Protein chains: 2
Amino acid sequence: MNPSDENSGERITDAEHAVMEVLWDRPRQTAAEVCEEVCGKRGWSLATVKTLLSRLVQKGAIAAEPDGRRFLYTPLIARDAYVGGESRRLVERLFGGRAASLVAHLAETEALSEADLDAIEALLKELRP
Amino acid sequence: MNPSDENSGERITDAEHAVMEVLWDRPRQTAAEVCEEVCGKRGWSLATVKTLLSRLVQKGAIAAEPDGRRFLYTPLIARDAYVGGESRRLVERLFGGRAASLVAHLAETEALSEADLDAIEALLKELRP
DNA sequence: GCGCAAGGTTTACATCTGTAATCGATATGA
DNA sequence: TCATATCGATTACAGATGTAAACCTTGCGC
């Protein structure tokens, strides 16, 4: 099991996810720094960010490294692992586990732009020359 | 706006979704019938199903057609609309709205089987001959 | 006619989530 | 040294969710 697989049990909520994104973008930030990133966008107060950080620590999703009298927070789960988990969960729930069905659905509902199709085509060529 | 677009505001929860699946599979079922389908799988009691059906009616997700002294429940939102909404939400949240990124991610993490790739390839051929 | 079964409706209640305010310790500038 | 600004920790609290039990009405079998 590689170190990015610490998805484990605890579920990350929507609000918490916003905080995770900030930390994935730049690890080892203080609560205040994280707040600077998201408080504006989401209309949160510093207190809210602190709560979310605490909960994430409890859930084992991030680590709090002591730095003087405050903490530097860093993700413990990789973004890829999280994204993969969420994606798999969706495919499982809505497409009976068949990822191709998801792609088909996206295509049929025109959720895929021409550029998307280009990208996917390129991907395919790469995967199976 | 076609009749499948009644996603509207009210969010369908996970438990409710299980009920929706039963009704999408076969519309016009009674609470008892729905229970027969899901109570076993999810370890629910009939009471729980009744609650979920009520909440779905309130949310405008299903209709309750009187049939003697009971109701026959039928989805008001199409499965496609729901699935599309959920998919879009995920792509938005995790892939910055770029659906191709999701596909790429699935491919990179080997969430796509050979069969999936075949299917996608076929899809592409169909979409852009 | 009467009690029971079957239906829906109302109420319940523990968790989880979102969003803070408050508290207590502490470093810090005046 | 003392008030104050900072931090994290603790507590709060409303709304959403999962999961039912209790309740009320009514058709049905006896």
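Per chain, numbering begins at 1; letters A, B, ... match sequence-line order. Remember, predicted model here, so these are calculated numbers, not experimental data.
To the nearest angstrom, C1' of C/dA6 lies 9 Å from CG of B/L46. Rounded to whole Å, atom C1' of C/dT17 lies 17 Å from atom CE of A/M20. The CG atom of B/D67 sits 11 Å away from the P atom of C/dG7 (whole-angstrom rounding). The CG atom of B/L53 sits 13 Å away from the P atom of C/dG7 (whole-angstrom rounding). The CZ-C1' distance, from B/F71 to C/dT9, rounds to 10 Å in whole Å. Rounded to whole Å, atom C1' of C/dG7 lies 16 Å from atom CD of B/E65. Taking atom CD of B/Q29 as the reference point, atom P of C/dG8 lies 13 Å away to the nearest angstrom. When the P atom of C/dT9 is taken as reference, atom CG of B/L56 falls 14 Å away, rounded to whole Å.
Minimum heavy-atom separation, A/A64 to A/Y73: CB-CE2, 3.7 Å.
Taking A/S54 as the reference, nothing meets the side chain to side chain donor-acceptor pair (under 3.5 Å) condition, with sequence neighbours excluded.
A/Q29 has its side chain out of reach of A/T74: every pair of non-hydrogen atoms, C-beta onward, lies at least 4.5 Å apart. In this structure the side chain of A/H17 reaches within 4.5 angstrom of the side chain of A/W24, judged on heavy atoms.
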Enumerate all atom pairs, one protein N or O and one N or O from nucleotides 16-22 of chain D, separated by less than 3.5 Å.
unit_1: D/dG18; atom_1: OP1; unit_2: B/A15; atom_2: N; d: 3.2
unit_1: D/dG18; atom_1: OP2; unit_2: B/T13; atom_2: OG1; d: 2.5
unit_1: D/dG18; atom_1: N7; unit_2: B/R55; atom_2: NH1; d: 3.0
unit_1: D/dG18; atom_1: O6; unit_2: B/R55; atom_2: NH2; d: 3.3
unit_1: D/dT19; atom_1: OP2; unit_2: B/W44; atom_2: NE1; d: 2.8
unit_1: D/dT19; atom_1: O4; unit_2: B/R55; atom_2: NH2; d: 2.9
unit_1: D/dA20; atom_1: OP2; unit_2: B/G43; atom_2: O; d: 3.4
unit_1: D/dA20; atom_1: OP2; unit_2: B/S45; atom_2: N; d: 3.4
unit_1: D/dA20; atom_1: OP2; unit_2: B/T48; atom_2: OG1; d: 3.3
unit_1: D/dA20; atom_1: O5'; unit_2: B/S45; atom_2: OG; d: 3.3
unit_1: D/dA20; atom_1: O5'; unit_2: B/T48; atom_2: OG1; d: 3.3
unit_1: D/dA20; atom_1: N7; unit_2: B/T51; atom_2: OG1; d: 3.1
unit_1: D/dA20; atom_1: N6; unit_2: B/T51; atom_2: OG1; d: 2.7

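Using a 4.0 Å heavy-atom cutoff across all strands shown, B/R70 reaches sugar-phosphate atoms only and no base atom. Using a 4.0 Å heavy-atom distance criterion, B/A64 is classed as making no nucleic acid contact.
For the pair A/R69 and B/R69, both in contact range of DNA chain C, the more 5′-proximal nearest nucleotide belongs to B/R69.
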Discussion item. Would A/R55 and A/E16 count as a salt bridge (charged side-chain N to carboxylate O under 4.0 Å, His left out) here? Give the steps.
Written reply: CA-CA 8 Å; A/R55 288 181 183 168; A/E16 287 162 2; 5.2 Å; no

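Atom CG of residue A/L102 and atom NE2 of residue A/H105 lie 8.5 Å apart, to the nearest 0.5 angstrom. With values rounded to the nearest 0.5 angstrom, A/E33 atom CD is found 7.5 Å from A/L72 atom CG.
B/Y73 has a side-chain polar atom (N or O) that falls below the 4.0 Å cut-off from OP1 or OP2 of C/dG8.
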